[in-house]
Amino acid sequence: MYPWGDARPYHSYAAYCRRTFGRPIQKLPVDGGFTCPNRDGTVGHGGCSFCSNEAFTPAYCDPRRTVRQQVDDAIAFHRRGFPAGTGFLVYFQSYSNTYAPLERLQRLFGEALACPGVAGIVVGTRPDCVDAAKLDYLADLARRTYVCVEYGIESTRDETLRAVNRGHDFACARRAVEMTAARGLHVGAHFILGLPGETDAMLLEQVAAINSLPLTTLKFHQLQVFRGTAMAAEYDADPGRFRFWEIGEYIDLFVEVLRRLRPDLVVERFASEAPPRYHYGRNWGLVRNEQLLAMLEKRLEERNAYQGEIFVSLQSL
């Protein structure tokens, strides 16, 4: 048994939910009808070069329906897979879910929290879409229920962020994470591994910057190029800039990421899947996340490796 209360050699989201909620938890994505300052001209046009919300958005997410209707649809869609007593986190997933007047956030988040069985909300957004008033509101909510703010950071390297048209630098991400954590909120972050120009060595080096952030949860996924994105056009123009790992290579890399990662950080996801119709360029086909997790755990066991192995050793020097 590892310090995070799990037999898995990494700090899993399942273990975190058991500790936090004392029961099984299921995230239910909804679409609140938000947009993004990197699309409407406030920061830029066209969005990030890799962005394809459709590739990750379930069919039942429809901004023309109310949040309550989407939650009901999601529960109905997944009902057979929920153990008895499962609680729900409503996940505002699509685009930037704090990019609206505070009054609209209060209405939508309040509607989500009023749904039966809901134990809290997870709010996906950009680091440049929060301010003191919005964070104060979320902190007030968090005194009564679970609230996590999940930031798309993608990379710690400013050169990479500029190349993918992200519209903010890493310093902006750090400020947002620190402002959020200072209010006692749970903070998540999302990173893409393998963006053009980033080597394996760079990806391992950035773990130190990730460790320095006051985060609760982390999501990683491998670079995937999707049809219709600016990145797909970049791939056509210069495919040599892109590197796509084989599954085993990526798992080996992620083992090294985990060994360097702070032990208290919760790894919610280390890879992702999307319907094949969205893929462009090389991909892993129909390998499901459950299979990838089993492969990762097997590789960790084979190497007798675990999350924080190198981090803890360095801290003891």
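The model shown is predicted, which means the values in this text are computed figures rather than measured ones.
In this structure the side chain of F88 never reaches within 4.5 angstrom of the side chain of V71, judged on heavy atoms. Side chains of T216 and L185 form no contact here, defined as non-hydrogen atoms less than 4.5 Å apart. By the 4.5 Å heavy-atom criterion applied to side chains, L113 and L141 are counted as neighbours. Between V255 and R303 the shortest side-chain heavy-atom distance falls below 4.5 Å. In this structure, M202 and S155 have side chains that are not in contact, with every pair of non-hydrogen atoms separated by 4.5 Å or more. Under the 4.5 Å side-chain criterion, counting only non-hydrogen atoms from C-beta, V177 is in contact with I153. Here the side chains of R288 and L292 are not in contact, with every heavy-atom distance at 4.5 Å or above. Looking only at side-chain heavy atoms (C-beta outward), D6 and H11 stay at 4.5 Å or farther from each other.
In this structure, E159 places its CD atom where only 12 or fewer heavy-atom neighbours from other residues, nucleotides or ligands lie under 6.0 Å away. Residue D238 qualifies as enclosed at atom CG: its count of foreign heavy atoms under 6.0 Å is above 12.
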From CA spacing to verdict: salt bridge (Lys or Arg N to Asp or Glu O under 4.0 Å), E268, K27:
CA-CA 11 Å; E268 184 171 353; K27 272 188 174 180; 2.6 Å; yes
For the pair D40 and T35, evaluate side chain to side chain donor-acceptor pair (under 3.5 Å) and give the outcome as yes or no after the intermediate values.
CA-CA 8 Å; D40 67 8; T35 182; 5.2 Å; no
Any chance you could lay out the side chain to side chain contact (heavy atoms under 4.5 Å, CB included) test for V266 and L218, step after step, and finish with the verdict?
CA-CA 6 Å; V266 178; L218 281 169; over 6 Å; no
Derivation of the salt bridge (Lys or Arg N to Asp or Glu O under 4.0 Å) call for E256 and R260:
CA-CA 7 Å; E256 293 304 321; R260 291 159 173 79; 2.8 Å; yes
So T160 and E198, side chain to side chain contact (heavy atoms under 4.5 Å, CB included) or not? Walk me through it.
CA-CA 8 Å; T160 300; E198 295 195 338; 2.7 Å; yes
Run the side chain to side chain donor-acceptor pair (under 3.5 Å) test on H190 and R269 for me, step by step, so that the C-alpha distance in whole Å, both residues' side-chain angles and the decisive distance to 0.1 Å come before the verdict.
CA-CA 9 Å; H190 182 275; R269 190 178 71 204; 3.0 Å; yes
Side chain to side chain contact (heavy atoms under 4.5 Å, CB included) between V267 and F254: does it pass, once the steps are laid out?
CA-CA 11 Å; V267 180; F254 199 74; 4.2 Å; yes
V123/Y91 under side chain to side chain contact (heavy atoms under 4.5 Å, CB included): CA gap, chis, key distance, verdict
CA-CA 6 Å; V123 181; Y91 179 24; over 6 Å; no
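Under the ring-ring contact (aromatic ring centres under 6.0 Å, His included) criterion, the residue pairs touching residues 143-173 are F21-Y146, Y146-H186, with sequence neighbours excluded. Residue pairs that meet the salt bridge (charged side-chain N to carboxylate O under 4.0 Å, His left out) test with at least one member in residues 215-233, sequence neighbours left out, are E150-K219. Residue pairs satisfying the ring-ring contact (aromatic ring centres under 6.0 Å, His included) criterion with at least one member in residues 95-136, sequence neighbours excluded, are listed as follows: F92-F109. Listed by first and then second residue, the side chain to side chain donor-acceptor pair (under 3.5 Å) pairs involving residues 120-134 are T98-T125, R126-D128 (not counting sequence neighbours). Within the structure, side chain to side chain donor-acceptor pair (under 3.5 Å) pairs that include any residue of residues 110-120 do not occur (at least two apart or interchain).
With sequence neighbours excluded, the residues forming a ring-ring contact (aromatic ring centres under 6.0 Å, His included) with W245 are Y250, listed by chain and number. By the salt bridge (charged side-chain N to carboxylate O under 4.0 Å, His left out) test, D158 is found to be paired with no residue, residues two or more places apart in sequence or in another chain being considered. With sequence neighbours left out, P24 forms a side-chain contact (heavy atoms from CB on, under 4.5 Å) with P83, T86. By the ring-ring contact (aromatic ring centres under 6.0 Å, His included) test, F34 is found to be paired with no residue, residues two or more places apart in sequence or in another chain being considered. Here C61 pairs with P29, D31, T57, P58, Q70 under the side-chain contact (heavy atoms from CB on, under 4.5 Å) rule; sequence neighbours left out. Taking D62 as the reference, R64 meet the salt bridge (charged side-chain N to carboxylate O under 4.0 Å, His left out) condition, with sequence neighbours excluded.
Ion pairing between a basic and an acidic side chain is recognised when a charged N comes within 4.0 Å of a carboxylate O; R243 and D200 show such pairing. Between E178 and R175 there is no salt bridge, since none of the side-chain N atoms of the basic residue sits less than 4.0 Å from a carboxylate O of the acidic one.
The distance from the CG atom of N289 to the CG atom of L296 is 11.5 Å, given to the nearest 0.5 Å. A distance of 10.5 Å separates CG in L253 from CZ in F270, rounded to the nearest 0.5 Å. To the nearest 0.5 Å, the span separating CG on L28 from CD on Q93 amounts to 11.0 Å. Here the CZ-CG distance, from R157 to D169, works out to 14.0 Å after rounding to the nearest 0.5 Å. To the nearest 0.5 Å, atom CZ of residue R107 and atom OG1 of residue T66 are 10.0 Å apart. To the nearest 0.5 angstrom, D72 atom CG is 6.5 Å from C115 atom SG.
With hydrophobic clusters built from ILVMFWY side chains whose heavy atoms lie under 4.5 angstrom apart, I25 does not share a cluster with V149.
Scanning both residues, S272 and Q224, for their nearest heavy atoms gives OG-NE2, 2.6 Å. Counting all heavy atoms, side chain and backbone alike, S12 lies closest to A15 at OG-N, 3.1 Å. Closest approach of T229 and C51 over heavy atoms only: CG2-O, 3.2 Å. Residue E234 comes nearest to S49 through the heavy atom pair OE2-CB, 3.8 Å, listed as atom of the first residue, atom of the second, then distance.
Between Y10 and Y306, the ring centre distance reaches or exceeds 6.0 Å.
Grouped by direct or indirect side-chain proximity (heavy atoms under 4.5 Å, Ile/Leu/Val/Met/Phe/Trp/Tyr only), F50 sits with V164, I192, L195, L223, V225, M231, Y235, F242, F244, Y280.
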